[in-house]
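Data first, discussion second: the structure below is written as structure tokens.
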Number of protein chains: 2
Amino acid sequence: MVDTQNMEKNTATQILDVAQEMVRNRGYSAFSYADISKQVGIRKASIHYHFSTKDELVKELVKRYREDMMRACDRISQSSLDLDQQVIQFANLYRNGLESQQICLCAMLAADYAVLPQSVQNEIQTFFQVAEDWLSNLLQQGSDARLWTCHPSADQEAKGLIAMLQGAQLLARSQTNSTDTFEQMVYPLLKAKFSKP
Amino acid sequence: MVDTQNMEKNTATQILDVAQEMVRNRGYSAFSYADISKQVGIRKASIHYHFSTKDELVKELVKRYREDMMRACDRISQSSLDLDQQVIQFANLYRNGLESQQICLCAMLAADYAVLPQSVQNEIQTFFQVAEDWLSNLLQQGSDARLWTCHPSADQEAKGLIAMLQGAQLLARSQTNSTDTFEQMVYPLLKAKFSKP
DNA sequence: TGACATCTACCTACCAGATGGTAGATACTC
DNA sequence: GAGTATCTACCATCTGGTAGGTAGATGTCA
């Protein structure tokens with residue numbers, strides 16, 4: 001993964017990074033401006049300079065997360081991997097987060113959905129939509145190439161697979177060995193369903 | 001479902017009922033003693049008489065929920081339904097909650113896992129264990145009867161199925177038509193995998 | 001070049017309201 | 001009188017958010 005590691009991150013980015021880690025770990029209602037301020041090393045009031053309200057901050061967070069996710073997906077698409085391996089790579093995105101107790105940001109916010117403002121709810125819906133579209137496209141390609149069959153449709157399969165990944169993450173985290181549990185839950189099923197005959 | 005509808009519920013039960021609805025809808029960090037007090041019609045301080053701390057309340061909540069869940073599962077086991085229909089009935093438990101925007105209590109608390117005290121974390125682990133055991137047993141029966149095959153094991157299939165149901169609930173709730181979305185995600189897959197040949 | 005104005009990114013000090021929780025009084029029943 | 005179930009009144013702490021100030025960088029124009 002290429003990113004701007006060495007150049008000093010600007011404060012807004014640092015705030016988003018810290019907030020993201022907290023939401024993915026604890027959820028929307030369980031993190032505060034005070035928490036962020038401690039970790040970033042800035043006064044609580046200064047955060048409002050960058051993000052006027054908590055809701056605004058989280059909205060930006062989801063937007064950035066979706067864009068990052070799409071970049072990661074594009075990287076998979078543009079790789080030279082076989083289609084079945086691309087499905088595995090997609091699942092790996094979820095497994096990787098677990099290594100630091102991180103649930104998908106939008107899975108976490110889906111749990112907090114009832115207390116989120118409309119604007120954030122919309123961003124989350126968009127996230128699920130683009131993720132589903134991308135995966136559906138991949139599954140359809142495999143279906144066209146007769147590597148597997150989608151039942152009843154690539155779209156439904158994509159929805160189901162994403163649901164499974166999100167649920168597996170959540171469930172796995174409450175086990176002592178999260179990553180192993182996740183792998184045992186997800187990969188056998190994946191290999192049975194989406195592999196070259 | 002038979003329960004003690006008509007006889008007046010005692011206060012402790014009312015508190016648990018209200019708390020349960022709130023946690024299943026908003027999560028652990030987003031409900032308060034003040035919220036409960038308003039809905040039950042009792043002063044905030046009085047709740048502490050029945051449940052000394054919030055953590056104690058939630059611990060009791062999970063315990064009761066697990067027992068209710070087990071009773072519901074036993075009712076399915078003891079029905080005269082075919083095994084494939086029993087799997088559907090199990091999935092229905094999750095679908096039904098969605099009708100009132102209710103996520104499985106333990107799926108919700110799995111999201112809040114990082115901020116929960118050890119005692120509640122333990123209760124949640126137990127919940128997942130007993131649910132998995134029950135479902136695993138059912139799937140194994142179907143496998144023994146050659147209605148379907150479990151791959152790689154009934155245990156893994158059970159884990160995966162529960163993950164899928166939890167994830168589907170979470171995802172579906174952020175869609176406008178939650179129940180339909182859930183059904184479209186879950187039932188085709190269920191019928192493809194667990195149905196009489 | 002120097003004087004001024006504006007902008008950026010932070011700060012201190014505060015606010016009202018909510019949070020979980022406690023102490024102690026008060027009814028009501030057996 | 002003892003026990004049960006509730007109340008009022010209070011507490012320290014945390015919540016997101018605001019008001020207003022400040023140091024330093026940058027721009028502008030005579």
Side-chain angles (χ1 to χ4, degrees), chain A residues 4 7-23 25-62 108-109 111-121 123, chain B residues 4 7-23 25-62 108-109 111-121 123:
Chain A
T4 50
M7 69 191 253
E8 263 204 74
K9 285 180 197 155
N10 67 43
T11 309
T13 306
Q14 280 186 64
I15 293 170
L16 286 175
D17 290 349
V18 169
Q20 177 165 306
E21 209 200 292
M22 283 175 172
V23 177
N25 190 243
R26 312 187 207 164
Y28 173 82
S29 303
F31 91 100
S32 71
Y33 268 39
D35 293 328
I36 297 176
S37 107
K38 271 173 226 152
Q39 279 213 35
V40 175
I42 201 183
R43 292 294 158 152
K44 192 180 59 130
S46 307
I47 302 172
H48 287 279
Y49 173 78
H50 299 280
F51 303 96
S52 57
T53 65
K54 193 185 181 187
D55 292 343
E56 174 66 22
L57 166 59
V58 175
K59 201 187 99 192
E60 291 295 315
L61 201 55
V62 179
M108 213 61 182
L109 293 176
D112 297 323
Y113 202 76
V115 295
L116 297 174
Q118 186 78 52
S119 61
V120 178
Q121 292 184 346
E123 290 288 339
Chain B
T4 50
M7 71 191 252
E8 262 205 77
K9 286 180 198 155
N10 67 43
T11 309
T13 307
Q14 280 187 64
I15 292 171
L16 286 174
D17 289 348
V18 169
Q20 177 164 306
E21 209 200 291
M22 285 176 171
V23 177
N25 189 243
R26 314 187 205 163
Y28 174 80
S29 303
F31 91 100
S32 71
Y33 269 39
D35 293 328
I36 297 176
S37 107
K38 270 173 227 154
Q39 279 213 37
V40 176
I42 201 183
R43 293 294 158 151
K44 193 179 60 128
S46 307
I47 303 172
H48 287 279
Y49 173 78
H50 299 280
F51 303 96
S52 57
T53 65
K54 194 185 180 185
D55 292 343
E56 174 66 21
L57 166 58
V58 175
K59 201 187 100 191
E60 290 296 315
L61 201 54
V62 179
M108 213 62 181
L109 292 175
D112 296 322
Y113 202 76
V115 296
L116 298 173
Q118 186 77 53
S119 60
V120 178
Q121 292 184 346
E123 290 288 338

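By convention in this document, chain letters (A, B, ...) are assigned in the order of the sequence lines, proteins followed by strands, and residues within each chain are numbered from 1.
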Can you tell me how far [atom2] of [N] sits from [atom1] of [X], to the nearest Å?
{"X": "Leu116(A)", "N": "dG16(D)", "atom1": "CG", "atom2": "C1'", "answer": "16 Å"}
{"X": "Lys44(B)", "N": "dT22(C)", "atom1": "NZ", "atom2": "P", "answer": "11 Å"}
{"X": "Ile47(B)", "N": "dT22(C)", "atom1": "CD1", "atom2": "C1'", "answer": "15 Å"}
{"X": "Phe31(A)", "N": "dG16(D)", "atom1": "CZ", "atom2": "C1'", "answer": "11 Å"}
{"X": "Tyr28(B)", "N": "dG20(C)", "atom1": "OH", "atom2": "C1'", "answer": "10 Å"}
{"X": "His48(B)", "N": "dC7(D)", "atom1": "NE2", "atom2": "P", "answer": "13 Å"}
{"X": "Tyr33(B)", "N": "dG17(C)", "atom1": "OH", "atom2": "P", "answer": "25 Å"}

Among [options], find the nucleotide with the atom closest to the side chain of [X].
{"X": "Tyr49(B)", "options": "dT6(D), dG20(C), dG17(D)", "answer": "dT6(D)"}
{"X": "Ala45(A)", "options": "dG17(D), dT18(D), dG21(C)", "answer": "dT18(D)"}
{"X": "Ile42(B)", "options": "dG20(C), dT6(D), dG16(D)", "answer": "dT6(D)"}
{"X": "Lys54(B)", "options": "dG17(D), dC10(C), dG21(C)", "answer": "dG21(C)"}
{"X": "Thr53(A)", "options": "dG17(D), dT22(C), dC11(C)", "answer": "dG17(D)"}
{"X": "Arg43(B)", "options": "dC10(C), dG17(D), dC7(D)", "answer": "dC7(D)"}

Side-chain N,O ([X]) to OP1/OP2 ([N]) below 4.0 Å:
{"X": "Ser46(A)", "N": "dC11(C)", "value": "yes"}
{"X": "Thr11(A)", "N": "dC10(C)", "value": "yes"}
{"X": "His50(B)", "N": "dT6(D)", "value": "yes"}

TODO: Looking at every strand, decide which applies to Phe51(B) at a 4.0 Å heavy-atom threshold: base, sugar-phosphate, or nothing.
DONE: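 Counting heavy atoms under 4.0 Å across all strands, no contact is made by Phe51(B).
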- [ ] Supply the atom-to-atom distance His50(B) NE2 to Ile15(B) CD1, rounded to the nearest 0.5 angstrom.
- [x]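 Between atom NE2 of His50(B) and atom CD1 of Ile15(B) there are 4.5 Å.
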Task: Atom pair CE/OH of Met22(A) and Tyr28(A) - distance to nearest 0.5 Å - done: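 One finds 14.5 Å between CE of Met22(A) and OH of Tyr28(A).
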Open item on the list: Show, in sequence, the C-alpha distance, side-chain angles and deciding distance for Ile36(A) and Leu57(A), and conclude whether the side-chain contact (heavy atoms from CB on, under 4.5 Å) test is met.
Closed with: CA-CA 11 Å; Ile36(A) 297 176; Leu57(A) 166 59; 3.8 Å; yes
Task: side-chain contact (heavy atoms from CB on, under 4.5 Å) evaluation trace for Met108(A) with Asn25(A) - done: CA-CA 8 Å; Met108(A) 213 61 182; Asn25(A) 190 243; over 6 Å; no
- [ ] Please say whether the positively charged group of Lys54(A), taken as NZ for Lys or CZ for Arg, lies over the ring of Phe31(A), i.e. under 6.0 angstrom from the six-membered ring centre and within 45 degrees of the axis.
- [x] yes
